[in-house]
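This report refers to the structure that appears directly beneath it.
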Amino acid sequence: MGTTSFLTRAQRLLRIRNQLVRECLAEVLATFVMMTITLASAAQKIAFFGTKGNLITSYLGGALGVMAGIYTAGGISGAHMNPAFSLAMCLIEQFPWWKFPIFVVVQILGSFISAGAVYVLYYDAIWHHSNGTLTVTGPQETASIFATYPADFVSIGNGFLDQVIGTGVLIIVVMGIMDPRNKPVPKGLEPVVVALLVLSIECSMGANCGCPLNPARDIGPRLFTYLAGWGPEVFRWVEGRG
């Protein structure tokens with residue numbers, strides 16, 4: 001009885017009643033879950049194989065991370081996890097404009113925190129693979145665990161177009177899934193369908209830039225790598241990364 005009473009009092013004390021705070025915390029958590037699975041799927045290849053090959057593992061990790069993030073907080077914040085999706089929701093008047101910059105910040109924050117978590121989780125593997133030097137280019141580079149970088153044949157213009165098309169396809173199909181006038185997805189399976197959508201886009205459009213499809217997915221971890229020791233090179237368009 002005493003334990004139950006204590007837990008009840010603790011729940012009342014910790015309960016967050018402000019709706020915006022609840023949504024922001026949910027969005028941070030959803031983005032963190034999505035990104036931790038996504039980044040860890042890239043990092044574990046170094047731990048297992050000492051290489052960043054086998055893109056299918058990364059693609060699956062990204063798709064399943066999206067699914068997990070939606071299931072984590074979809075009922076609270078909508079689990080946007082992506083500034084592009086938040087912007088699209090604003091444009092169709094399904095999300096208030098004043099919340100847009102707030103959601104962008106918390107999405108980037110969740111992504112940043114997840115990069116730190118994966119860095120700690122695979123700290124030994126990262127430093128072993130990099131021979132003690134954190135680099136963005138070369139055979140021992142490890143920056144691409146966290147952020148996406150272009151293939152050495154991709155120009156800035158092509159890279160920009162690549163992301164516009166890939167993200168556009170993602171948003172259009174997600175909007176179609178959400179439209180009640182469209183053919184409905186079985187209730188509760190929407191995250192699974194979105195995950196399959198992400199996987200299909202990654203498998204078909206990932207060759208140029210790694211298919212981030214999400215500014216927060218790229219900016220947060222890139223900021224982390226800059227602060228963690230990879231340096232300002234993480235913000236440069238580098239060709240011939242090798």
Side-chain angles (χ1 to χ4, degrees), residues 27-28 31-32 34-47 50-53 55 58 61-62 65 81-84 86-87 100-167 202 205-242:
E27 195 69 12
V28 169
T31 307
F32 173 82
M34 175 189 73
M35 287 302 303
T36 299
I37 295 173
T38 298
L39 300 182
S41 67
Q44 74 170 349
K45 290 180 294 183
I46 284 180
T51 178
K52 294 179 298 305
L55 287 174
S58 293
M81 304 181 294
N82 186 338
S86 297
L87 176 61
F100 174 67
I102 300 173
F103 263 48
V104 171
V105 170
V106 298
Q107 287 159 4
I108 292 174
L109 175 62
S111 193
F112 181 92
I113 296 171
S114 73
V118 171
Y119 177 71
V120 172
L121 180 64
Y122 284 104
Y123 179 87
D124 290 341
I126 290 170
W127 282 96
H128 175 74
H129 178 78
S130 65
N131 289 329
T133 303
L134 302 178
T135 61
V136 180
T137 59
Q140 269 71 50
E141 67 87 9
T142 47
S144 62
I145 291 173
F146 300 94
T148 56
Y149 293 87
D152 57 9
F153 54 80
V154 178
S155 66
I156 294 178
N158 194 186
F160 177 79
L161 184 63
D162 174 269
Q163 288 308 294
V164 169
I165 293 175
T167 306
E202 289 175 329
M205 304 183 194
N208 285 336
C209 300
C211 217
L213 307 175
N214 183 343
R217 179 261 177 272
D218 199 73
I219 294 173
R222 202 178 296 271
L223 286 170
F224 174 82
T225 52
Y226 170 71
L227 296 174
W230 278 265
E233 192 176 8
V234 299
F235 294 109
R236 299 184 186 131
W237 188 274
V238 183
E239 296 185 356
R241 299 177 63 253

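- Nearest approach of Tyr122 to Ala43, heavy atoms of both residues: CD1-CB, 3.5 Å.
- Side-chain contact between Thr135 and Glu141 is present, with heavy atoms from C-beta onward closer than 4.5 Å.
- Environment of CZ in Phe100: crowded, with over 12 heavy atoms of neighbouring residues, nucleotides or ligands closer than 6.0 Å.
- A distance of 4.5 Å separates CZ in Arg222 from OH in Tyr149, rounded to the nearest 0.5 Å.
- A heavy-atom distance below 4.5 Å is not found between the side chains of Thr225 and Leu134.
- What you find for Thr38 and Gly61 is that their closest heavy atoms are OG1-O, 3.8 Å.
- Taken from CD1 in Ile165 to CG in Leu213, the straight-line distance is 12.0 Å, to the nearest 0.5 Å.
- When all heavy atoms of Ala147 and Pro221 are compared, the pair lying nearest together is N-CB, 4.4 Å.
- Scanning both residues, Phe153 and Ala207, for their nearest heavy atoms gives CZ-O, 4.2 Å.
- For the pair Tyr119 and Ile145, the minimum side-chain heavy-atom distance is 4.5 Å or more.
- To the nearest 0.5 Å, the span separating CD1 on Ile126 from CZ on Phe146 amounts to 4.0 Å.
- Panel note: side chain Ser114, backbone Ser111; a donor-acceptor pair is recorded below 3.5 Å.
- Side-chain contact between Cys209 and Thr148 is absent, with no heavy-atom pair separated by less than 4.5 Å.
- We find the CD-CG distance between Gln163 and Asn158 to be 10.5 Å, quoted to the nearest 0.5 Å.
- For the pair Phe103 and Pro83, the minimum side-chain heavy-atom distance is 4.5 Å or more.
- Residues Gln44 and Val118 fail the side-chain proximity criterion, which asks for heavy atoms closer than 4.5 Å.
- Counting heavy atoms from C-beta outward, Asp162 and Val154 have side chains that stay 4.5 Å or more apart.
- A pairwise comparison of heavy atoms in Thr31 and Gly110 identifies CG2-C, 4.2 Å as the closest pair.
- Here the closest heavy-atom approach between residue Ser41 and residue Gly62 is recorded as OG-N, 4.4 Å.
- Between the OG atom of Ser144 and the CH2 atom of Trp230 there is a distance of 10.0 Å, given to the nearest 0.5 Å.
- Side-chain contact check for Phe235 versus Leu223: some heavy-atom pair is nearer than 4.5 Å.
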Assess whether side chain to side chain contact (heavy atoms under 4.5 Å, CB included) is satisfied between Glu27 and Ile102, documenting all intermediate values.
-> CA-CA 10 Å; Glu27 195 69 12; Ile102 300 173; over 6 Å; no
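- Here CD of Gln107 is found 9.0 Å from CE of Met81. Values are rounded to the nearest 0.5 Å.
- There is no side-chain donor-acceptor pair under 3.5 Å between Trp127 and Thr142.
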